[in-house]
S.K.: 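Submitted below is the structure of interest, expressed as structure tokens.
Here the structure is a predicted model, which is why all the values come from computation and not from measurement.
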Amino acid sequence: MPRLANSRHEQFARARADGLSRPDAYRKAGYAGAVKNAPRVESRPEVIARVAELPREGLSSRSDIRAVIDELLRLARVAATKDSAACLTAAKGLLSEAAKLQGRLDAESEGPSVGRPRRVVLTTEQWLEKYAPRP
């Protein structure tokens, strides 16, 4: 798919494909004013198609994301072994980032979503079972 004619839409699509949140992508695209208008930009059919196309152009390959997730998990395991509240907080942050990236991979495999992204709510036990470092 060629670049979008509207340069702000193109910048927004690229920012979303790079993993920025909707409000951050909206600001990065140069929009001023209320961030509450970001869903309007994201819901445009050409923007949805462009976001879905961009990862295939090599902006973020699955193997690169998988490598980052693996490294985040490795660092979280190391931090969790230290006897320090700061290290445990760091491990929690690393696990959170890994979970976000995993969600991105899952969303890519499901194809572009229309409307609001699907949100999964996990209990603390489910989250720890899925993302906590293993000894």
Side-chain angles (χ1 to χ4, degrees):
M1 172 179 208
R3 293 176 59 95
L4 297 175
N6 184 317
S7 63
R8 285 187 179 173
H9 290 174
E10 176 69 21
Q11 289 176 326
F12 181 87
R14 287 183 177 273
R16 288 296 281 157
D18 285 341
L20 264 62
S21 68
R22 188 184 297 155
D24 290 341
Y26 188 77
R27 287 186 205 99
K28 186 173 181 176
Y31 287 102
V35 176
K36 68 180 181 181
N37 295 323
R40 187 178 310 161
V41 174
E42 188 173 50
S43 66
R44 297 180 64 85
E46 65 273 16
V47 173
I48 292 170
R50 187 67 173 144
V51 171
E53 186 70 23
L54 284 170
R56 285 187 237 132
E57 292 181 359
L59 291 178
S60 59
S61 71
R62 291 180 67 78
S63 61
D64 290 343
I65 294 172
R66 182 83 252 156
V68 171
I69 291 170
D70 291 342
E71 181 64 11
L72 287 170
L73 293 175
R74 185 190 72 75
L75 291 171
R77 279 194 282 292
V78 170
T81 64
K82 307 298 181 194
D83 192 24
S84 159
C87 288
L88 291 175
T89 301
K92 181 179 175 184
L94 292 166
L95 291 172
S96 175
E97 288 302 315
K100 287 179 192 175
L101 288 174
Q102 184 61 52
R104 182 176 171 190
L105 283 179
D106 295 344
E108 283 179 10
S109 65
E110 293 172 3
S113 62
V114 178
R116 292 183 168 257
R118 188 184 73 171
R119 181 165 286 194
V120 177
V121 178
L122 299 176
T123 65
T124 302
E125 293 77 24
Q126 290 170 325
W127 190 88
L128 287 172
E129 182 179 323
K130 188 169 185 177
Y131 299 112
R134 306 283 187 247

S.K.: I'd like to check N37 versus Y31 (side-chain heavy atoms, cut-off strictly below 4.5 Å). Are they in contact?
M.R.: no

S.K.: If you round to the nearest 0.5 Å, how far is CG of L88 from OG1 of T81?
M.R.: 9.5 Å

S.K.: Taking all atoms of both residues into account, what is the closest heavy-atom pair of A25 and A15, and its distance?
M.R.: CB-CB, 3.6 Å

S.K.: Measure across Y131 and L122 and return the closest heavy-atom pair with its distance rounded to 0.1 Å.
M.R.: CE1-CD1, 4.0 Å

S.K.: Can you name the closest pair of heavy atoms from A80 and A91 and give their distance?
M.R.: N-CB, 4.2 Å

S.K.: I'd like a table of donor-acceptor pairs (distance under 3.5 Å, sequence neighbours excluded) in which one partner is a side-chain atom from residues 95-103, with atom names and distances.
M.R.:
from	atom 1	to	atom 2	distance (Å)
E97	OE2	K100	NZ	3.3
Q102	OE1	R66	NH1	2.8
Q102	NE2	D106	OD1	3.0

S.K.: How long is the span from the CZ atom in R8 to the OH atom in Y26, to the nearest 0.5 Å?
M.R.: 8.5 Å

S.K.: How many angstroms lie between atom OG of S21 and atom CZ of R27, to the nearest 0.5 angstrom?
M.R.: 7.0 Å

S.K.: To check you understand the geometry: which heavy-atom pair defines the closest contact between A17 and L54, and what is its length?
M.R.: CB-CB, 3.6 Å

S.K.: How many angstroms lie between CG in L75 and CZ in R77, if you round to the nearest 0.5 Å?
M.R.: 9.5 Å

S.K.: Taking it one step at a time, do F12 and L4 satisfy side-chain contact (heavy atoms from CB on, under 4.5 Å)?
M.R.: CA-CA 10 Å; F12 181 87; L4 297 175; over 6 Å; no

S.K.: If two hydrophobic side chains count as joined below 4.5 Å and joins carry through other members, does V78 share a cluster with V68?
M.R.: no

S.K.: Quick one: CG on L94 to CZ on R74, what's the gap to the nearest 0.5 Å?
M.R.: 10.0 Å

S.K.: R16 pairs by side-chain contact (heavy atoms from CB on, under 4.5 Å) with which of R22, Q11, R50?
M.R.: R22

S.K.: Can you measure from CD (E46) to CD (E10) and round to the nearest 0.5 angstrom?
M.R.: 11.0 Å

